[in-house]
Amino acid sequence: MQFDWPILSVLIWLPILGGLVTLALGERAIVLGRWIALITTAATFGLSILLYTNFDATTAQMQFVEEAAWIPAFSALYSLGVDGIAMPLIILTTFVTPLVIIAAWTVIEKKPAQYYAAFLILEGLMVGVFASLDALLFYVFWEAMLIPMFIIIGVWGGPRRVYATMKFFLYTFLGSVLMLVSLIYLYLQTCDAGQCSYSIADFQRLPIGLNEQILIFLSFLLAFAVKVPMWPVHTWLPDAHVEAPTGGSVILAAIMLKMGGYGFLRFSLPITPDASAQLDWLVISLSLIAIVYIGYVALVQQDMKKLIAYSSVAHMGFVTLGSFLAFELLRVNGDVRGAAMGIDGAMVQMISHGLVSGAMFFCVGVLYDRVHSREIGAYGGVVNTMPIFAAFAVLFAMANSGLPATSGFVGEFLVIIASFRADFWYAFLAAITLILGAAYTLWLVKRVIFGAVANENVAALKDVNGREFFVLGVLALAVMLLGVWPVPLLDVMRPTVENLVQHITISKL
Amino acid sequence: MESMITNLGMHAVAAEIFLTCAICVILLVDVFLNDRLRWVTYALSLASLAGCAWMTLRYGVDERFLAFDGMFVGDAMGDLLKLFSYGTVAVTFIYSREYLQRRGLFKGEYFILGLVALLGIMVMVSAGNLLTVYLGVELLSLSLYAMIAFDRDSSIAAESAMKYFVLGAISSGMLLYGFSIVYGIAGTLQIDELALALREVGVSHLGLVFALVFIISGIAFKFGAVPFHMWVPDVYHGAPTPVTLFIGAAPKISSFVLAIRVLAEGLDSLVANWQDMLIVISVLSMALGNIVAIAQTNLKRMLAYSTISHVGFILLGILAGTTDGYQAAMYYTFAYVIMSVGSFGMILLLAREGFEADRIEDFRGLNRKSPWFAAMMLMFMFSTAGVPPFIGFWAKLEVIAAVLNVGLAWLAAAAVVFSVIGAFYYLRVVKVMYFDEPTDAVAIEAGGTLRTVLSVNGLAVLALGIAPSILIELCARALP
């Protein structure tokens, strides 16, 4: 269904506007600014629900399409639209951001207005990334997003924040600039084909030679692999996560990492299918290394945030694995259903990881606000003083290790089944995560939550307040709902995923 | 009388004649003013810029038009560049006023020399003959030499003026030498005739390549491109900040037009030759500018190296040798000037008695003192680094598209990688403003005009980045 008002533009610009208002009100009117921030993000979430309720789940077409001239000289359009892949990610974005605002309610002492404004502007830009149908517009949002995040980590971060934020910015910037060269190249190719366009859909239809495809694929790979992040370009993530304030970590883990996965599905697979088929071994091996090796790395971490960061890298390995299994499956036995299942799994994993990792960072934030330490060794026996918190933490830990009835299970399970259809050893290696994930997460829980009260800091802990309870409760609900009943999510994605699989079976040579 | 004016093309040079008269008047008036009335010179200078703008708009041409037997060219590109130069010089004057007043440098010379330099730029912009080009180059350069040294008590300024003068004289000589060889071979200095004559001579003529080397060296020097960049950091650092601001802005337009008039219009048949030379210069400029800038602690010096790297990007557009490329280079020049004026404007904004604000650490904690201007500087820095949604991003996009379009993919890749290296030092400025605590609690002293114009400048960087087609269309129309 189409609205007669531009819903996607509203979803992008409303938070940005709210952010600017908060910024303009300044630090002195922070009480008002805080409420404006909350109301804006809540309204944005409310509106994004309309996307879901009015979404036509029988077609792979772009919906809620908006189009306006933007830069006629480059035939670049301000064109927005969503399909079954983008829509869930937009809702994830609008869902998590208000929680971040609530979680920061009284916690942020330094320049709170700027803090809220940064997150609001960031939200608008992130929605823009998922909603853009024009490659140039996409790139603008994609890069612009780095600016608020750079500020968030740098201003409100931990002691090594400057190092972390510089590394974050330069890493991601370096990753994406070569993608820009590829996008311009594709644009020039469309000009040669007669109709200049930056439209992603036109890029997807454009025939490209294999050598060019491989170069374009590699530049995309660099951009998205840094974002996901895949081994070995993941090293910025632990630093950024550890130093970022709670809200920054949550957004980074819940949404920004998803942009890498989204990029693979939107750009790499459909624009360079032949190169993807040729080089899928590369992505699959990197994903398996991430799943297994980074799982071991997570096991030895002493810092809670670092542990969750590494576990994110391992979990995101499933996303890339699921996406690129498709080629192996199609090549070996033309298994279209298996290919779709892999991509389905990747998508579910993205949403689920967004909720679970976000929730785990919130949990760490709750502890950090009280004790001001992220070291695992500084805790022990938290359950004795914070029973409600402990219940939530255990639930999210279970979800993180992929326990059935939580969202973590669905995505991993789908990807593992799909990899069984491709190759036993893929499945074998991927399934190791079920053990490793459980090992590092449950061990973390054991050391932090259970046992005797370790020190007077822990003894003095107060359980979660209403605000924290709300944030964790909402997330817990979402995690369990998606775990027992993922059908609504799978349904909206199905036509888009099937269409994508159809698309990549056709060679562009 | 009327017919004589049309024949000679007097109306085409209306703005130049007006400016020359205005300079003479201001020079005379200034002699009779005491220091308290010096604002009259300032006001007259701004008024004459407005007059020039009116003249150019009133007598602007739609079609290419030759005046004075072809010595002078009026075209749409020239008009646009002139109008942009007036604006730039006006903003420069506005930014500089308070700084000059506070340091007892608020004298007529700054404004008069600035206007003469502008006249030089205008002559270059409209040059139809290599001699006119040279005339413009010298008019501009001589005013700049004097301008750098106009703070007579500063030894460092005198030193950099001297350095600039000696090197500048050599480069002018090289340029002239190149022109003379071209004249010897082609038998004309008229740019459009030259283009025709060279087609007959053929591109493989060794003498032409020889001449080209000298001409390219001269142009590269005026741009401040590697390996002719030595003067840039010293002059930027040594000159009083208002002069640095001036040098960093309008003369870049003239360097661009020098390259367009001489290379693209006059020597276009030698494009394969000068393309190769410019590739080397461009890559070296981007590499050296961006890498050396990292090591700088002085903001003016850092911006000098950043200029060198931006010149490399402007040259990318020119070396593509296509109309798209020239448009891209023009757009880049405009974008660069807007950003550069803003960045130096920020230094002038923070400067006060006994405090130059020209070290990076002087911006420490600016977000605490003035969130608004910290945001402005943030936009200037991210824009200069080429991050969307600011104007600098589109400039980079255009030149990269231009070189990709002529099949130089490796050059495009190198350019973007260098821009990432460059991002580091711009980020460092943002870092000190936002992540560090202020070292003092002194509020910004600058007055309302400076604040307003600088804010408009900053918002323009954002607005032209969100709606880039305004400026892109202008460039496309000026350089069809």
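Below, read A as the first sequence line, B as the second, and so on, with proteins coming before strands; counting in each chain starts at 1.
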Under 3.5 Å, is there a donor-acceptor pair between the [X] and [Y] side chains?
X: A:Y171; Y: A:T235; value: yes
X: B:Y336; Y: B:T307; value: yes
X: A:E123; Y: A:T93; value: no
X: A:K111; Y: A:Y115; value: no
X: B:Y331; Y: B:Q327; value: no
X: B:Y425; Y: B:N290; value: yes
X: A:Y78; Y: A:S132; value: no

Part of [X] lying under 4.5 Å from any heavy atom of chain B:
X: A:Y187; answer: neither
X: A:Q114; answer: side chain
X: A:L188; answer: side chain
X: A:T165; answer: side chain
X: A:L180; answer: side chain
X: A:L146; answer: neither
X: A:F173; answer: both

Which portion of [X] sits near chain A, non-hydrogen atoms under 4.5 angstrom:
X: B:F393; answer: side chain
X: B:A476; answer: neither
X: B:W372; answer: neither
X: B:A415; answer: neither
X: B:F382; answer: side chain

Q) Aromatic rings A:F74 and A:Y198: how do their planes relate, parallel, tilted or perpendicular, breaks at 30° and 60°? A)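 Ring orientation, 0 to 90° scale: perpendicular.
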Please work out which of the three classes, parallel, tilted or perpendicular, describes the rings of B:W394 and A:W70, given edges at 30° and 60°.
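Plane angle over 60°, so perpendicular.
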- Query: When heavy-atom pairs shorter than 4.5 Å are enumerated against chain A, which of B:D436, B:N405, B:I472 gives the highest number?
  - Reply: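 Most pairs with chain A among the choices: B:N405.
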Leading residue by heavy atom contact count with chain A [cutoff under 4.5 Å; candidates B:L427, B:L378, B:I466, B:V416]: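 Among the listed options, the one with the most contacts to chain A is B:L427.
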Any idea which of [options] has the most non-hydrogen atom pairs under 4.5 angstrom with chain B?
options: A:L178, A:I151, A:L215; result: A:I151
options: A:W156, A:W142, A:F150, A:F141; result: A:F150
options: A:E27, A:M145, A:K110, A:M166; result: A:M166

- Please report the shortest heavy-atom distance between A:S197 and A:F203, naming the atom on each side.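 That would be O-CE2, 3.3 Å.
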Are B:D440 and B:R364 side-chain neighbours, meaning at least one heavy-atom pair lies under 4.5 Å?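 When only atoms from C-beta onward are counted, B:R364 and B:D440 do not touch, as no gap falls below 4.5 Å.
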